[in-house]
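Read through the structure below, which is laid out as structure tokens, and then see the notes.
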Amino acid sequence: MLSRRHVLAAAVALTALMPQAQAEDVIKMGALATLEGPFTVLGEDGMRGLKLALQEVNYTVAGKKIELQTGSSDASPESALKATRKLVEQGGVQVLVGPLSGSEGIAVKDYAKTQPNVTFINGSSAAQDTTLFGPAENFFRFSTDGVQWMAGLGEYAYTEKGYKTVAVVAEDYSFPYSQVEGFMLPFCKAGGKVPTKLWVPIGNKDFSSVIASIPDDVDAIYVALGGADAINFLTQYQQSGGQSPLIGGSITVDQTVLGSKGSIRDAVIGTIAAGPTADTWDDPRWTKFTEDYKKAFPDGFPAPSLFAHAYYINAKAAILALEKVGGDLSDGGKKFRDALAGLTFETPTGPVKLDHNRNAVADIFVTEVVDDGGTLRNKVIKIAQGVNQTLGEPEEEFLKIGPATRDNPDCK
């Protein structure tokens with residue numbers, strides 16, 4: 001029979017083990033999005049997508065509770081890095097989903113290299129450089145990049161729409177560089193010319209000088225602006241009496257812009273674009289995702305934005321891989337990362353898998369903005385299937401083009 005002293009000692013030992021046991025039953029996940037600055041509405045919808053994925057499993061994987069910690073940035077690399085450090089070094093997150101914007105992704109990728117036991121899964125950041133140049137072994141992107149998002153658009157603009165000369169108006173950072181490259185490579189190859197590129201800082205409010213600098217003799221204007229920047233430009237372009245057809249970068253005609261309360265309707269109807277989603281796609285996978293999104297978030301947009309879609313897919317990847325390893329991250333996440341690397345699954349927009357740089361290969365939609373009963377939506381024109389990071393070109397040849405910049409590529 002145990003003495004009172006032995007019973008007390010056993011109780012003390014059991015109590016000491018309880019925090020460790022409780023910690024092992026919890027998976028600490030971080031979510032980083034732009035919840036401040038000109039991309040706030042984008043970040044808010046990204047978080048809706050992530051939370052939808054977690055709600056589907058009741059924030060539980062393999063019997064373990066997912067403890068979600070949220071970090072906020074303003075789309076700058078500095079703010080993203082600060083928020084990431086706080087989540088990892090103070091919050092102790094084991095898995096981080098994010099960030100949202102292109103240059104943020106590059107900064108977080110570089111930081112990931114210093115934290116080998118933490119797994120970083122992209123949010124919606126889509127700069128090509130994040131995974132194609134100097135990738136991190138513990139950074140994964142299941143949501144494709146900005147070059148991929150333009151698949152099929154350059155050819156369609158040149159061949160089907162007859163646009164031979166196009167001016168560019170875009171934000172001055174890594175993601176629009178990728179978008180412009182993705183449009184220009186096939187457009188220029190077909191014979192198109194881009195004589196003018198006008199780069200503007202994020203958060204620009206007055207586009208009058210930009211609009212005045214657009215040449216009169218172009219067939220169309222390619223616009224790669226997001227959030228408040230896109231709304232301000234489109235509103236001011238319409239007010240200035242601009243008549244040139246528009247070609248949209250992915251986030252320029254996303255629901256975060258089309259669903260705004262501004263008077264941009266006449267400026268954007270008929271705009272061709274491309275991206276990872278299409279509002280009117282009648283596939284059951286997209287229909288269910290849209291219905292689930294609207295039910296969960298009645299204050300959201302008429303259809304999930306590409307940001308909700310990207311964060312959902314990346315969070316879903318984390319959940320599926322965690323299920324494969326029974327929620328076991330005790331080895332610093334190695335088995336989990338192996339599971340992520342080999343993951344292939346169905347998303348609301350079709351199948352996705354990863355390449356050797358841990359970047360997604362997935363379907364892309366060429367679209368046109370239409371008025372659907374008073375609501376602006378992106379109508380499917382065609383689908384490019386299984387688009388990889390080099391747009392089908394051999395990687396060795398594609399890499400010779402070099403990173404996308406303000407001046408690269410060029411076809412004046």
Side-chain angles (χ1 to χ4, degrees), residues 39 42 45-46 49 100-105 122-132 141-157 168 170-171 173-187 222-227 230 246-258 271-279 281 286 303-314 347-352 354-355 357 359-369 378-393 398 403-404 409:
F39 289 175
L42 286 58
D45 212 43
L100 181 137
S101 190
S103 294
E104 292 184 313
N122 192 56
S124 62
S125 70
Q128 180 193 65
D129 291 20
T130 308
T131 53
L132 189 60
R141 177 159 58 193
F142 287 87
S143 49
T144 55
D145 71 19
V147 174
Q148 291 170 278
W149 291 358
M150 292 288 95
L153 182 59
E155 303 96 312
Y156 183 77
V168 165
E171 286 155 331
Y173 71 104
S174 57
F175 167 67
Y177 300 162
S178 296
Q179 289 262 275
V180 171
E181 179 184 67
F183 169 75
M184 284 184 61
L185 287 177
F187 180 72
Y222 175 88
V223 183
L225 304 169
L246 302 180
I247 303 169
S250 303
I251 65 176
T252 307
V253 295
D254 180 68
Q255 278 297 326
T256 53
V257 175
L258 299 186
T271 298
I272 60 169
T277 66
D279 303 329
W281 197 38
W286 177 255
S305 71
L306 69 84
F307 304 96
H309 170 262
Y311 272 80
Y312 174 86
I313 288 175
N314 283 299
T347 78
T349 49
V352 64
L354 297 184
D355 64 16
N357 289 325
N359 189 84
V361 177
D363 296 349
I364 302 296
F365 301 83
V366 176
T367 61
E368 181 177 337
V369 177
N378 288 296
K379 176 184 177 181
V380 180
I381 300 298
K382 64 178 183 177
I383 302 173
Q385 296 183 325
V387 178
N388 69 9
Q389 201 170 21
T390 63
L391 301 181
E393 295 291 328
F398 191 87

- Task: To the nearest 0.5 angstrom, please state how far the CD1 atom of Ile364 sits from the OG atom of Ser250.
- Result: 7.5 Å
- Message: Looking only at the side chains, is there a donor atom on one of Thr131 and Asn357 sitting less than 3.5 Å from an acceptor on the other?
- Response: no
- Item | Side chain proximity check, Phe183 to Gln179, heavy atoms < 4.5 angstrom | no
- Message: Looking at every heavy atom in both Ser178 and Val147, which two are closest together, and how far apart are they?
- Response: O-CG2, 3.2 Å
- Closest contact, heavy atoms only, Gly123 versus Ala310: O-CB, 3.3 Å
- Parallel, tilted or perpendicular: ring planes of Trp281 versus Phe365, cut at 30 and 60 degrees: perpendicular
- Message: Walk me through whether Glu104 and Tyr173 qualify under side chain to side chain contact (heavy atoms under 4.5 Å, CB included).
- Response: CA-CA 10 Å; Glu104 292 184 313; Tyr173 71 104; over 6 Å; no
- Note on the structure: Which of Asn359, Asn122, Asp355 passes side chain to side chain donor-acceptor pair (under 3.5 Å) with Arg141? It is Asn359
- Option passing side chain to side chain contact (heavy atoms under 4.5 Å, CB included) with Gln255 (candidates Asp45, Asp279, Leu306): Asp279
- How close do Ala230 and Val257 get, heavy atom to heavy atom, and via which atoms? CB-CG2, 3.8 Å
- Query: Can you check whether Phe175 reaches Ser125 side chain to side chain, under 4.5 Å on heavy atoms?
  - Reply: no
- Distance only, no hydrogens: is a donor on one side chain within 3.5 Å (strictly under) of an acceptor on the other, for Ser103 and Ser174? yes
- Note on the structure: What one should report as the nearest heavy-atom pair of Ala157 and Ile247 is CB-CD1, 4.1 Å
- Message: Quick one, Met150 and Phe187 - any side-chain contact, counting heavy atoms below 4.5 Å?
- Response: no
- Query: Run the side chain to side chain contact (heavy atoms under 4.5 Å, CB included) check on Phe398 and Leu185 step by step: do they pass?
  - Reply: CA-CA 10 Å; Phe398 191 87; Leu185 287 177; 3.8 Å; yes
- Message: For Lys379, is the NZ atom crowded, meaning more than 12 foreign heavy atoms sit under 6.0 Å from it?
- Response: no
- Item | Nearest atoms (heavy-atom pairs only) where Val180 meets Ala170 | CG2-CB, 4.3 Å
- Query: What is the distance from atom CD of Gln389 to atom CD of Gln128, rounded to the nearest 0.5 Å?
  - Reply: 6.0 Å
- Item | Atom pair CD1/CG of Ile272 and Asn378 - distance to nearest 0.5 Å | 12.0 Å
- Message: Rounded at 0.5 Å granularity, tell me how far CG in Asp363 sits from CD in Gln148.
- Response: 11.0 Å
- Spatial distance of atom CD1 (Ile251) from atom CH2 (Trp149) [nearest 0.5 Å]: 7.5 Å
- Message: What's the separation between atom OH in Tyr222 and atom OG1 in Thr271, rounded to the nearest 0.5 Å?
- Response: 12.0 Å
- Between Gly248 and Leu153, the two heavy atoms sitting closest are O-CD2, 3.9 Å
- Item | Tyr312 and Pro304, any side-chain heavy atoms less than 4.5 Å apart | no
